[in-house]
J.: 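This is the structure I have questions about; it appears just below.
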Amino acid sequence: MEKTGDTQGCQTKNEEDIPKSSPFDFVIKQFQGKRSSSGKRKEQPSAIKKFFSGFDFGKSEGKDGGETEETEKNNCSADDQSEKRDLSLDDEPSHPVSEAESPSGEQRFNQLMQKLGKKPNSKNLDLNNCALSAADVTELASLLPFLPELEEISLSWNGCVGGALKALTVQLHHVSLLRVLRLNNCRLTAEDVTSLGEAFEIVPQLEELDLSWNSNIGGKLSLLTKKLPKGCKIKLLKITDCNLTAKDGESLAEMLNVIPNLEVLDLSINKHIGCSMKVIAQDLKNVPGLKELNLHMCGLKQDSLQGLDAALQHLAELRKLDISCNKEIGGSFKDAAAHLANLKNLEVLDLHQCCVTEEDVTVLSQVIPLLSSLQELNLSSNKNVGVSSAPLLGRLRFLPKLKSVAISNCDLGEESFSSLALLTQDGHLARLRKLDLSYNNSISDEGWMVFCHGLAAFKELSELDVSLRPSSCRDCGTWFSELLAALTKLPALAELGMQRWVLSESQRQQLESFNQDNKRNIRFDC
């Protein structure tokens with residue numbers, strides 16, 4: 001359970017990490033033309049077009065199917081004639097391939113996908129991280145007429161898609177059943193964003209759009225949002241780490257007026273959008289079915305949180321709320337938590353690294369116990385939680401569905417552990433599966449002893465982390481024997497984090513033989 005820090009982030013790939021060769025090179029090599037008698041190489045038709053000539057699967061019946069077949073013939077006829085002329089100048093092939101021997105379109109598609117290391121699927125075109133070139137994108141676009149049942153397109157982590165997306169979007173009318181479009185980290189340009197916006201009307205069934213990790217979208221979101229038709233069916237919209245600006249926030253607010261079915265909105269890691277959060281919050285009432293709202297590291301300020309709280313009264317279906325890593329909202333919960341308590345369906349609440357004050361903790365102690373559906377609570381990296389945690393932790397007993405509690409790096413003391421121990425009485429938190437108490441170095445051996453005495457009551461606990469901070473180490477005291485005794489009574493435990501605790505030789509041997517002696521399979525991370 002080694003931790004990499006409290007601030008969550010996203011990694012993007014460097015340009016040099018993208019392979020220089022295209023995955024379609026092997027196809028191109030297979031179709032290289034022979035040199036003519038004059039010694040000059042004739043210009044060959046596209047390798048992928050030749051590869052897919054005669055593509056005949058997935059066609060719809062009736063008129064559409066006839067039009068598709070006719071289009072295919074027209075597109076391929078010029079290439080076929082050119083190829084015949086080239087062959088007439090060369091030596092006769094030793095074994096001409098008859099039409100009967102040619103693989104069907106479906107077989108060719110399957111062969112190509114297999115060579116790309118992808119499982120053939122006429123409904124899901126998954127070409128993530130395939131080092132596609134701009135030419136490949138163009139060729140792929142030409143295949144869309146032959147995939148009328150296509151529902152998902154994933155081109156993420158292909159940097160060369162940027163600047164070439166229009167070739168694909170103008171063909172999207174052939175895949176009117178498209179529901180999912182993923183373009184993460186494709187280096188999209190302003191032209192790409194514009195062409196994507198223009199394509200919304202021809203993909204009326206689109207429900208999921210993921211544009212995350214395209215930094216050039218910043219400042220240009222209006223090129224996309226102003227093209228959205230009213231009543232758009234989008235349910236999931238992810239724009240993580242796209243360098244969004246305050247102006248983009250205003251464009252997004254307008255967008256909320258035309259996507260009433262939105263269920264997931266992820267704006268995380270856009271540090272400059274916080275100043276327009278009040279504007280966005282005002283229009284959240286237009287998406288009453290919203291289930292997930294991710295504002296992690298969005299530069300929220302105190303007035304942002306107040307505006308967001310006012311919007312929560314319209315979001316009764318909300319299941320997940322993440323406002324973590326917004327350090328400037330600390331001190332504002334006392335004025336901005338009135339409607340939080342009304343989220344009866346909320347299952348996940350993430351407030352880690354929000355610089356909450358003691359007064360905030362007092363307010364949260366009154367509000368959080370009212371979230372009757374809450375399953376995951378993260379308060380990590382808020383030092384003041386430890387100062388006044390007893391009331392909050394003690395009231396977690398009112399949350400019978402709670403499965404995960406993270407209070408890492410919160411300066412917890414023995415009083416906090418006493419409150420946790422009390423929770424084990426009368427079967428409170430019986431469903432708890434994950435408990436993160438790491439980086440709380442100030443707890444004494446007596447405090448750990450108290451904790452271990454009550455630990456055995458968490459019968460469904462599968463993960464426990466009591467690791468120390470990376471820069472520290474400490475001898476594992478007399479509480480170690482109490483810990484081992486408790487472990488024998490935790491049948492579901494699969495992982496125990498104890499990093500930077502210094503074990504004696506005897507303690508290490510006991511730990512190494514624990515699984516064998518007790519017929520268990522716990523992973524000890526020491």
Side-chain angles (χ1 to χ4, degrees), residues 5-10 212 215 217-219 221 237-256 262 264-287 290-315 318-343 346 348-361 363-364 367-368 371 376-385 406:
D6 296 311
T7 303
Q8 300 175 5
C10 303
S212 300
S215 59
I217 289 180
L221 194 62
L237 178 63
K238 291 188 176 183
I239 322 179
T240 298
D241 196 11
C242 284
N243 199 28
L244 298 184
T245 64
K247 181 181 177 181
D248 292 326
E250 296 173 1
S251 298
L252 182 65
E254 296 175 358
M255 184 179 183
L256 295 176
L262 191 65
V264 177
L265 178 59
D266 189 344
L267 303 176
S268 57
I269 320 179
N270 286 289
K271 299 180 181 180
H272 304 295
I273 203 173
C275 53
S276 59
M277 186 50 59
K278 290 182 67 176
V279 178
I280 296 174
Q282 290 174 357
D283 285 306
L284 284 175
K285 64 179 180 293
N286 296 311
V287 287
L290 194 67
K291 291 180 172 61
E292 296 185 20
L293 179 59
N294 192 337
L295 300 175
H296 165 81
M297 202 186 297
C298 278
L300 302 184
K301 302 181 185 300
Q302 292 190 351
D303 60 343
S304 305
L305 188 61
Q306 293 169 2
L308 180 61
D309 180 66
L312 293 181
Q313 61 183 312
H314 305 291
L315 303 178
L318 202 64
R319 303 292 198 274
K320 179 179 179 179
L321 177 60
D322 186 345
I323 54 176
S324 60
C325 296
N326 289 288
K327 298 182 180 181
E328 295 187 51
I329 64 175
S332 60
F333 283 92
K334 63 182 183 296
D335 299 319
H339 297 100
L340 180 62
N342 296 325
L343 300 179
L346 194 67
V348 179
L349 178 60
D350 194 340
L351 302 176
H352 85 267
Q353 204 171 42
C354 285
C355 295
V356 298
T357 65
E358 291 185 46
E359 192 171 9
D360 289 334
V361 175
V363 172
L364 292 172
V367 172
I368 290 178
L371 305 175
E376 300 180 23
L377 175 63
N378 192 340
L379 297 172
S380 296
S381 298
N382 288 292
K383 300 297 180 65
N384 285 309
V385 168

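These numbers come from a predicted model, not from an experiment. Note that these values count all heavy atoms, side chains included, but never hydrogens, waters or copies made by symmetry.
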J.: Kindly write out the residues that satisfy side-chain hydrogen bond (donor to acceptor under 3.5 Å, both in side chains) with Asp360, not counting sequence neighbours, or none if the list is empty.
T.: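 With sequence neighbours excluded, Asp360 shows a side-chain hydrogen bond (donor to acceptor under 3.5 Å, both in side chains) to Thr357, given in chain and number order.
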J.: Could you list the residues that satisfy side-chain hydrogen bond (donor to acceptor under 3.5 Å, both in side chains) with Ser251, not counting sequence neighbours?
T.: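 By the side-chain hydrogen bond (donor to acceptor under 3.5 Å, both in side chains) rule, Ser251 matches no residue at all.
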J.: Only counting residues at least two apart or in another chain, list the ones meeting salt bridge (charged side-chain N to carboxylate O under 4.0 Å, His left out) with Glu328.
T.: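 Residues passing salt bridge (charged side-chain N to carboxylate O under 4.0 Å, His left out) with Glu328: Lys301.
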J.: So, do Leu267 and Leu252 sit near enough that their side-chain heavy atoms are less than 4.5 Å apart?
T.: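 Yes; the side chains approach each other to less than 4.5 Å.
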J.: Measure the spacing between CG of Asp266 and CD of Glu292 and express it to the nearest 0.5 Å.
T.: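 One finds 8.5 Å between CG of Asp266 and CD of Glu292.
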J.: With a 3.5 Å cut-off and sequence neighbours excluded, list the donor-acceptor pairs that the side chains of residues 274-284 form with protein atoms.
T.:
from: Ser276; atom 1: OG; to: Ile273; atom 2: O; distance (Å): 2.9
from: Asp283; atom 1: OD1; to: Asn286; atom 2: ND2; distance (Å): 3.3

J.: Check whether more than 12 heavy atoms from other residues, nucleotides or ligands sit under 6.0 Å from atom NZ of Lys334, and answer yes or no.
T.: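 Result for NZ/Lys334: enclosed.
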J.: Minimum heavy-atom separation for Leu371 to Leu343, with atom names?
T.: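 Distance-wise, the nearest heavy atoms are CD2-O, 3.7 Å.
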J.: Not counting sequence neighbours, which residues clear side chain to side chain contact (heavy atoms under 4.5 Å, CB included) with Glu250? List them please.
T.: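 If we apply the side chain to side chain contact (heavy atoms under 4.5 Å, CB included) test to Glu250, skipping adjacent residues, there are no hits.
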J.: Would you name the heavy atoms of Gly330 and Gln302 that are closest together and state the gap between them?
T.: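 In this case the closest contact between Gly330 and Gln302 is O-NE2, 2.9 Å.
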J.: Can you name the nearest heavy-atom pair linking Asn270 to Leu244, along with the distance?
T.: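 Distance-wise, the nearest heavy atoms are OD1-N, 3.1 Å.
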J.: With Ala341, which residues qualify under side chain to side chain contact (heavy atoms under 4.5 Å, CB included), at least two apart?
T.: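 By the side chain to side chain contact (heavy atoms under 4.5 Å, CB included) rule, Ala341 matches Val367, Leu370.
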J.: What verdict does the side-chain contact (heavy atoms from CB on, under 4.5 Å) test give for Leu312 and Leu340, after you've listed the backbone C-alpha separation in whole Å, the side-chain angles of each residue and the deciding distance to 0.1 Å?
T.: CA-CA 7 Å; Leu312 293 181; Leu340 180 62; 4.2 Å; yes
J.: With sequence neighbours left out, what residues match Lys238 under salt bridge (charged side-chain N to carboxylate O under 4.0 Å, His left out)?
T.: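 Salt bridge (charged side-chain N to carboxylate O under 4.0 Å, His left out) list for Lys238, sorted by chain: empty.
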J.: Holding to side-chain hydrogen bond (donor to acceptor under 3.5 Å, both in side chains), I want the full list of residues that pass it with Asp248, two or more places apart in sequence or in another chain.
T.: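 Residues passing side-chain hydrogen bond (donor to acceptor under 3.5 Å, both in side chains) with Asp248: Thr245.
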J.: Do you know the tightest heavy-atom contact between Cys298 and Ser268?
T.: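 So the two residues come closest at SG-CA, 4.0 Å.
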J.: Quick one: side-chain hydrogen bond (donor to acceptor under 3.5 Å, both in side chains) partners of Asp309, sequence neighbours excluded?
T.: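 With sequence neighbours excluded, Asp309 shows a side-chain hydrogen bond (donor to acceptor under 3.5 Å, both in side chains) to His339, given in chain and number order.
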J.: Do Leu308 and Leu295 make a side-chain contact, defined as non-hydrogen atoms from C-beta onward lying under 4.5 Å apart?
T.: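 Answer yes - side chains close enough.
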J.: Distance-only, no hydrogens or angles: does the Gln353 side chain make a donor-acceptor pair with backbone N or O of Asn326 under 3.5 Å?
T.: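 Not a single qualifying donor-acceptor pair exists.
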J.: Supply the atom-to-atom distance Asn243 CG to Ile217 CD1, rounded to the nearest 0.5 angstrom.
T.: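 That separation rounds to 10.0 Å.
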J.: Check side chain to side chain contact (heavy atoms under 4.5 Å, CB included) between Glu358 and all other residues, then give those that pass, not counting sequence neighbours.
T.: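 With neighbours one apart ignored, the set is Asn384, Val387, Ser388.
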